[in-house]
Amino acid sequence: MSRTVIRNGLVVTATDEVLADVLVDGEQVAALATPESGQADTWADGAERVIDATDRYVIPGGVDAHTHMELPFGGTFASDTFETGTRAAAWGGTTTIIDFAVQTVGQSIREGLDAWFAKAEGNCAIDYGFHMIVGDVTDQSLKEMDMLVGEGITSFKLFMAYPGVFYSDDGQILRAMQAAAGNGGLIMMHAENGIAIDVLIAQALARGQTDPKYHGVVRHALLEAEATHRAIQLARVAGAPVYIVHLSALEALAEVTAARDSGFNAFAETCPQYLYLSTDDLGRPGFEGAKYVCSTPLRPAEHQAELWKGLRTNDLSVVSTDHCPFCFKEQKELGLGDFSKIPNGLPGVETRMDLLHQAVVDGHIGRNRWIEIACTTPAKMFGLYPRKGTITPGGDADIVVYDPNAGQVLSADTHHMNVDYSCYEGRSITGRVATVLSRGKVVVDGGEYLGRKGDGRYLTRGTCQYLR
Ligand code: DUC
Ligand code: ZN
Ligand code: ZN
């Protein structure tokens, strides 16, 4: 098996920062040693590759626990395939994604899951796992959930939004949570009151309010908070933990914080778009705001300080992307003249690690916390640790050599996601990926992509490691 030595970097994990050399043997990390020990000279003998990481960070590959490659939505499909989206992830220093397989109404969970396996198999640049969207909670799907946990698909997304599509009512949610309480699965909740939102959508359109900015108005922060509260109470009744996805409103965060303060296992993630973008972007002139339509929606900029605080206090414990890109031309344009027809979702899988490093530069979080929220906690939350999410002997050699001083300007001209715009067009940030190893193989180096589709393997996951 080939050996790689990474020398003289600052190895940053969720807990430590240490100048160290790293030995990669085959697909795993074999050892770490201090530079003074001289170990690396021995390792370098006969190694296939020696990477000089002087003045660079050596960090675990990112774990993005929330992506939607090729998701069917609003009459179209998310524009990144598993091939293009996972390659873009690798460019941005993410080496694991957990995507959402979809069960639609009338379909079995198995049929939905098989379709996602078929989309991903042989196409991914990095390792991937699946959560299961349960779009039809029935006696049969509850039994299938038990089986899936046994097979390594240990988390299930339910929607309180999108009536008639993905929506589950409170009875269905309670039953799924009861099933999770029994089988060890983790329920992930899209917490927005979709029934009330649909009323507000119809009223807004009847008033002629058709611009993208009304997407943010009708998806009211209090309807996110209400659904978050309800999800938590239903989980309490069921005796199951709950994980709130893509939390954007400070009022929803307050619900999570209150539940956690009372000792309940409520977890929540937010996404870079809620930390860096706002309703000002949704309100951009003309149809430009459509580029920023996602659900939960962007909020007024005042919410951002609360989200950063939540990340520091661990009331928000993960930052994932909800990567779900739609091109501006022809896809977002489906909603010209009717904001409710704009496909919901933003690109982000490539920029998450950099934007969170920028948060370190800006003083919102420290370096260890950067790694914790972007790599380690998502790996532990979804049963992949310590194989993923850290740098430790025996763990997979998913490693990023990161240059904290390099500047870059984010742009659709230079990104690798298959989408014709960037939410951060022209934004200057500090820090960029230099080299990426995925299970020991160098897949990105010196501005070149060296991997190939099919490098990525499917990951069987354990249950949530905060509950064992
Ligand atoms: N939210 C989005 O923005 N896109 C896809 C699904 C979702 O819940
Ligand atoms: Zn969602
Ligand atoms: Zn999502």
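Read the numbers this way: they start at 1 and go in the same order the structure lists the ligands and their atoms.
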Quick test: of every protein heavy atom, which one is nearest to [atom], and how far off is it to 0.1 Å?
atom	answer
atom 3 (O) of ligand 1	Ser295 N, 2.9 Å
atom 8 (O) of ligand 1	His190 ND1, 2.9 Å
atom 4 (N) of ligand 1	Asn344 O, 2.8 Å

Is there a heavy atom of Lys157 sitting under 4.0 angstrom from any atom of ligand 1?
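Yes.
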4.0 Å heavy-atom contact, Phe166 with ligand 1:
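Outside the 4.0 Å threshold, so no.
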When you draw lines from the Zn ion (ligand 2) to NZ of Lys157 and to ND1 of His190, what angle lies between them, to the nearest 10°?
130°
Taking the six-membered ring of Tyr385, is NZ or CZ of Lys380 closer than 6.0 Å to its centre and within 45° of its axis?
yes
Think Lys291 forms a cation-pi with Phe328, using NZ or CZ under 6.0 Å from the six-ring centre and within 45 degrees of its axis?
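Yes, a cation-pi geometry.
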[X] neighbourhood, listing ligand 1 atoms whose heavy-atom distance to it stays under 4.0 Å:
X	answer
Cys324	4 (N), 5 (C)
Phe159	8 (O)
Gly345	3 (O), 4 (N)
Asp322	1 (N), 2 (C), 3 (O)
Tyr162	1 (N), 7 (C), 8 (O)
His246	8 (O)

List the steps and the verdict of side chain to side chain contact (heavy atoms under 4.5 Å, CB included) for Arg219 and Thr296.
CA-CA 7 Å; Arg219 303 188 89 90; Thr296 59; over 6 Å; no
Test log, rule side chain to side chain donor-acceptor pair (under 3.5 Å), inputs Asp99 and Thr67:
CA-CA 5 Å; Asp99 202 89; Thr67 68; 2.6 Å; yes
Kindly give the atom name of the N, O or S atom of His68 closest to the Zn ion (ligand 3).
NE2
Atom nearest to the Zn ion (ligand 3) - Asp322, N, O or S atoms considered
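This turns out to be OD1.
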Heteroatom N/O/S of His66 within less than 2.8 Å of the Zn ion (ligand 3)
yes
Between Asp136 and Thr138, is there a side-chain donor-acceptor contact under 3.5 Å, judged purely by atom types and distance?
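Looking only at side-chain atoms, Asp136 and Thr138 do not form any donor-acceptor pair under 3.5 Å.
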Under a 3.5 Å threshold, yes or no: a donor from one side chain and an acceptor from the other, between Asn344 and Ser295?
yes
Before we go on, tell me: are the rings of Phe382 and His131 under 6.0 Å apart, centre to centre?
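Yes, the ring centres sit under 6.0 Å apart.
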Using the ring centroid of each side chain, check whether Tyr162 and His190 are separated by less than 6.0 Å.
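Under 6.0 Å, so yes.
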Do Leu158 and Met160 come close enough that some side-chain heavy atom pair is under 4.5 Å?
no
May I ask you to identify, for Cys294, whether its side chain, its backbone, both or neither come under 4.0 Å of ligand 1 on a heavy-atom basis?
both
One residue to check: Thr296. Relative to ligand 1, which of side chain, backbone, both or neither has a non-hydrogen atom less than 4.0 Å away?
neither
Can you see which heavy atom on Val63 is nearest to which on Pro378, and at what distance?
O-CG, 3.5 Å
Criterion salt bridge (Lys or Arg N to Asp or Glu O under 4.0 Å) against Asp127, the qualifying member of Arg457, Arg387, Arg439:
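Between Asp127 and the candidates, salt bridge (Lys or Arg N to Asp or Glu O under 4.0 Å) is satisfied uniquely by Arg439.
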